[in-house]
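Beneath this line is the structure, given in structure tokens, with notes to follow.
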Protein chains: 2
Amino acid sequence: MTPTPAPVPWTDLAWLGEHAATHLPQQLRLRADGPLVATIDAEIDRLRSLADGAPGSLDLLDLPRARKAGMGATVLDELAAAGEEAYALHTERDADADGDAERLTVIGGGDRGLLYGFYAVVLGLAPTQSADWVVRSPQHSIRMLDHWDNMSVHPVTGQVERGYAGGSLFYEDGELREDLTRVAHYARLLASVGINRVAINNVNVHAREATLLTERLDSVVRLAELFRAQGITVLLSVSFASPIILGGLTTSDPHDETVQAWWRRAADVVYAAIPDFGGFVVKADSEGQPGPFAYGRDHADGANLLARALAPHSGEVFWRAFVYDHRQDWRDRSTDRARAAHDHFAPLDGQFDDNVVVQVKHGPMDFQTREAVSPVVGAMPATRLAVELQVTQEYTGQQKHLCYLAPWWSENLRFPFGERDAPTMAQIAAGSAERPGGLVAVSNVGDDEFWTGHPLAQSNLFALGRLAWDSDIDAGTILDEWIAATFGPAQTVADVLRELLADSWQLYESYTAPLGVGFMVRPGHHYGPDVDGYEYTPWGTYHFADRDGIGVDRTVATGTGYAGLYPEPWASVYESVDTCPDELLLFFHHVPYTHRLHSGKTVIQHIYDSRADGYEQVLQLRPRWQQLVGAVPDALHERVTTLLLEQERSAEEWRDQLRTYFHRASGIADETGRPTY
Amino acid sequence: MTPTPAPVPWTDLAWLGEHAATHLPQQLRLRADGPLVATIDAEIDRLRSLADGAPGSLDLLDLPRARKAGMGATVLDELAAAGEEAYALHTERDADADGDAERLTVIGGGDRGLLYGFYAVVLGLAPTQSADWVVRSPQHSIRMLDHWDNMSVHPVTGQVERGYAGGSLFYEDGELREDLTRVAHYARLLASVGINRVAINNVNVHAREATLLTERLDSVVRLAELFRAQGITVLLSVSFASPIILGGLTTSDPHDETVQAWWRRAADVVYAAIPDFGGFVVKADSEGQPGPFAYGRDHADGANLLARALAPHSGEVFWRAFVYDHRQDWRDRSTDRARAAHDHFAPLDGQFDDNVVVQVKHGPMDFQTREAVSPVVGAMPATRLAVELQVTQEYTGQQKHLCYLAPWWSENLRFPFGERDAPTMAQIAAGSAERPGGLVAVSNVGDDEFWTGHPLAQSNLFALGRLAWDSDIDAGTILDEWIAATFGPAQTVADVLRELLADSWQLYESYTAPLGVGFMVRPGHHYGPDVDGYEYTPWGTYHFADRDGIGVDRTVATGTGYAGLYPEPWASVYESVDTCPDELLLFFHHVPYTHRLHSGKTVIQHIYDSRADGYEQVLQLRPRWQQLVGAVPDALHERVTTLLLEQERSAEEWRDQLRTYFHRASGIADETGRPTY
């Protein structure tokens, strides 16, 4: 007799808990072959144990069986063309049953497609009452989460770099955890929103983690098994210096034959153990990581070196474009970190092998609350790209402040690189069938009880998956999906959560660094205000505030020329203070405090007002949340309450410090008479 | 056969190496009883092994034997009255010998006195050719070094808090080192300059170090043995919460009888193991350390609690007056950290038991490069005091910048608390025979090859000992003593070192925080410039710079009232911008940038000039040092060269950041046209 498994803690189920289980129709038929069928079977059992399902039925089939059953050839052809990750879905009223029972049919274009269709039903993402077949397929072929997890705990940065949700889910005491139960749950959560790749270690590869490629490969094998069960491919972050660190060679020069041979052998060994291994993620020549520059080679040389070792196994290289001089001289205003990725990578367009994906942060700086879009995205038409987003809230409140990021990601993803009908960031990232790209994001989970530290930050993980599936889904719609799947249909809960989260990113922006200037955070940990924190440092992140004005002149006419890296109309829009959007004004221009925004306010009064008003709005959050006592689990309610108190404290600090700093600098009184210090 | 001991590395000998050995006369006679006689014997053997001694003879006697030998009753009576740490010394030309041979006689007033007299001869501190007997006794009864060493390595602060010379000399891997050879050398170095007490662990007492009082007492026993051999008493830093942490009690309330009993028992156990144990050092109710405030008791209650446990064993409590609100609201300009120690302690004068020594930092802030003297020193006539200095260069260049601190300490120690003939800080600290006080200092040594990271920072350790012996010795004289003992008589070496070190503190001041305003360092580690680093923090260390002016108004008339805590004439001198010394102007006053100093320059031009001039002077150091290639050991030369390069880099950063910050703030151009950025 096998012992009854302990019930899964409700927190571990996130959006795949009781409320999701109620979406699963009571009558189920699963007719399919393939490696993920057992997964779907197990998920059904698990959900069944949590709640009674919905009235009605769900028929799950694979494509061959659907053909055999004589289903419509048109939809099946369409499905087959849409690929193995697609699914077709049909909903009809069940004439035989009472009430609102439905008969749902899901056909998988392939193994993963069937799984995604199943989860769509569970999460309530299936359209109800649609008379026709609907075929759904992901916009982005690459839908990847990067984990910045270390095996060891770093004395300063902790175990997960920029992690705000406890330690690593994967590692403990320097090794892979013995008990990987939560990783299995995590894989389910990711698959349910369509994630298909996970990189399992920090892009800053330290000595111990480097050995995942060699002596600790068995740890990768174990993780790959768990993720494989949910259709997710595993990738490794590797050090460009691996041939030296691990192989005992004296060089890692891409043109050196022994180096090339070393990488080929390393890849062979990995693929012998993990035939569906995804490939490598590489941060090279960035913030101290080794790279090809040491040998006078460029990033194409570097990326292609690894790509050629992986190619025989169909593996891919994700090569990060986050390359800049982090030892910049703050005295030198001609160097502009915002230009760096473009300057390094745009000239290499067309030189990367087919199995190289250049991974580009959505903005030119570093995941700021507000910054321009990265011009690199528009500058490499002959290169496979993946746009990198940051789910972990490094600069956006560190999972202490509410900050639902989907509206910000959407704004970036919808940005057209050119005139109105030009392809958007999302379209460029998606690429073509021949040269597919996608989205990559830095995960926000850890071994925290609520996965994400702030329980409501789960919404960002959910939204990332949804936007990677389809970047056109409205951020508000995604929020509603997440609320319903996680908290059920109760109206008050939905109302309060929508109020708290929907505009939380703009609220966060309102009391932190103003008008796109960025940073102003405490150096190192990046939490809390410090206007001059990075001003006189080598990091290239400056605001240039003085007694007269503030902002970075990135114009072509008088500044760093960065604005000219965009296609028209943007180059012109950004070049002029008259047309530059208010929210990016200080990103592109240095202006006097008395400069009048399109909003009608002066820059200084905007700084004063929005920080004070933002704080007042933050004070509205906790009373609203208080209304949910008893309506959400107590432990979750308490955690959020505690964090809202911290958000209030921190927002007040932001308000007072920024208002005071700029009053001291400008000498201009706040028109409203509110105090500075 | 015992194996020949390995030769001591020359670096371990510091000022007790070859050059010291040459001072030891060739003919020696040691006639004395007492526990330290064996020590002197061993030191003689060791020095003999290093170098041939000087021509002449040295006669070392204890007081009884001197009397028996019929030496002059007057001097012997004077010596007896001067106490057991005193010695009498007589030098005469040896008529029988050729050349400059001398006959030296040293009589110890007691055990330690004989040792100190011996070392005075070795270090060349004995007056030459004095016809008469000289009796020397220390000005300060307490001459103590505090070690901020932890047993474990702290992930952020390292093993030695504010240590810039590697790890702890004492501890390794969380325990006392097995091999304590270097500690024995260290004890010799300290005794040779008259140190008589050492506190062996950080005043911020962490969990592991707390157990030195109980389960790890054997470690204290071992250290006490080594230091005892050099006449040095060992003390422990203890946590005020020890009864809870170690004793399992629920309180550490000084009025609780179980708490009192716990401390008595703890003291009994310590003294059973270490009969000459010195006592406890306590940081209470300061920067998060536990203390009596939690129970509504004051610092006298807290200190007397421990004092009464120690009193039966003649132990002492060193109770630190470094108490302030480290969670101050930066918005609140009425709270003044500089007042804190005075506000907490002055009202308690007379309430401390006889075996309590209140340990007061020399300034009211925190070991700044420049700050006022602490008014506490003048405000507690009925309390035993020890003035605390910081040998480790936390705010004075962290043993990367040259900063010979004796001139700064002298300036403080000579400060008269009142009109011209009023007792100085040193005189007040020294106390009386009945209520002796003294000097305490935070050590700057670690397990670094050169003891102090910067080899020339050894001069500060040497000088601290000398000033604790006699606070009237001229800082330049001490520097000459240290140079000669450490590097020998070579004129070039002496000239260069004097040039590099003599004014190095004022040079450091010239390019760092201006005019007494203090801080402006990077938060946390305190190295390098960050003008606003502490401006919007809870630490109480502000400059209040805005577009118009800078400085802290501590006047009675319009400020925090701090200036009024001094006796006249100082209260009046500091109260007025007209009489306040330039170097403390911004410590006491908020003035416009255009305010004219006594020097004739405006504040802003002073800021511009001295930072630029200071940097230019720093550039003169390395060429000078270069002249000593071959004249000092190569490894030492290289280390200093490397550090001089860092000093140049850092001084340039200070120059450019401060000049730029204040140009941006003031808008006033540098008259000399030198650039800002």
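In what follows, chains carry the letters A, B, and so on, assigned in the order in which the sequence lines appear, proteins first and then strands, with residues in each chain numbered from 1. No hydrogens, no waters, no symmetry mates; every other heavy atom, side chains included, goes into these values.
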Counting a contact as any heavy-atom pair under 4.5 Å apart, which residues of [range] contact chain B?
range                       : result
residues 666-677 of chain A : A:Ser666, A:Gly667, A:Tyr677
residues 514-531 of chain A : A:Arg522, A:Pro523
residues 545-554 of chain A : A:Ala545, A:Asp546, A:Arg547, A:Asp548

_Do B:Glu652 and A:Arg331 make a side-chain contact, defined as non-hydrogen atoms from C-beta onward lying under 4.5 Å apart?_
yes

*Do A:Gln657 and B:Trp330 come within less than 4.5 Å of each other through their side chains, counting heavy atoms only?*
yes

_Greater than 12 external heavy atoms within 6.0 Å of B:Arg649's CZ_ = yes

*List the steps, then state whether side-chain contact (heavy atoms from CB on, under 4.5 Å) holds for B:Glu535 with A:Tyr661.*
CA-CA 10 Å; B:Glu535 191 61 13; A:Tyr661 179 99; over 6 Å; no

_Pairs where residues 156-167 of chain B contributes a residue and the test salt bridge (Lys or Arg N to Asp or Glu O under 4.0 Å) is met, not counting sequence neighbours_ = B:Arg162-B:Glu394

*asked:* Ignoring hydrogens, what is the shortest heavy-atom contact between B:Tyr536 and A:Thr660? Give both atom names and the distance.
replied: CE2-CG2, 3.9 Å

*Segment of B:Glu653 engaging chain A (4.5 angstrom heavy-atom cut-off)*: both

*Report the option among A:Val153, A:Asp532, A:Asp332 that has the most heavy-atom pairs separated by less than 4.5 Å from atoms of chain B.*
A:Asp532

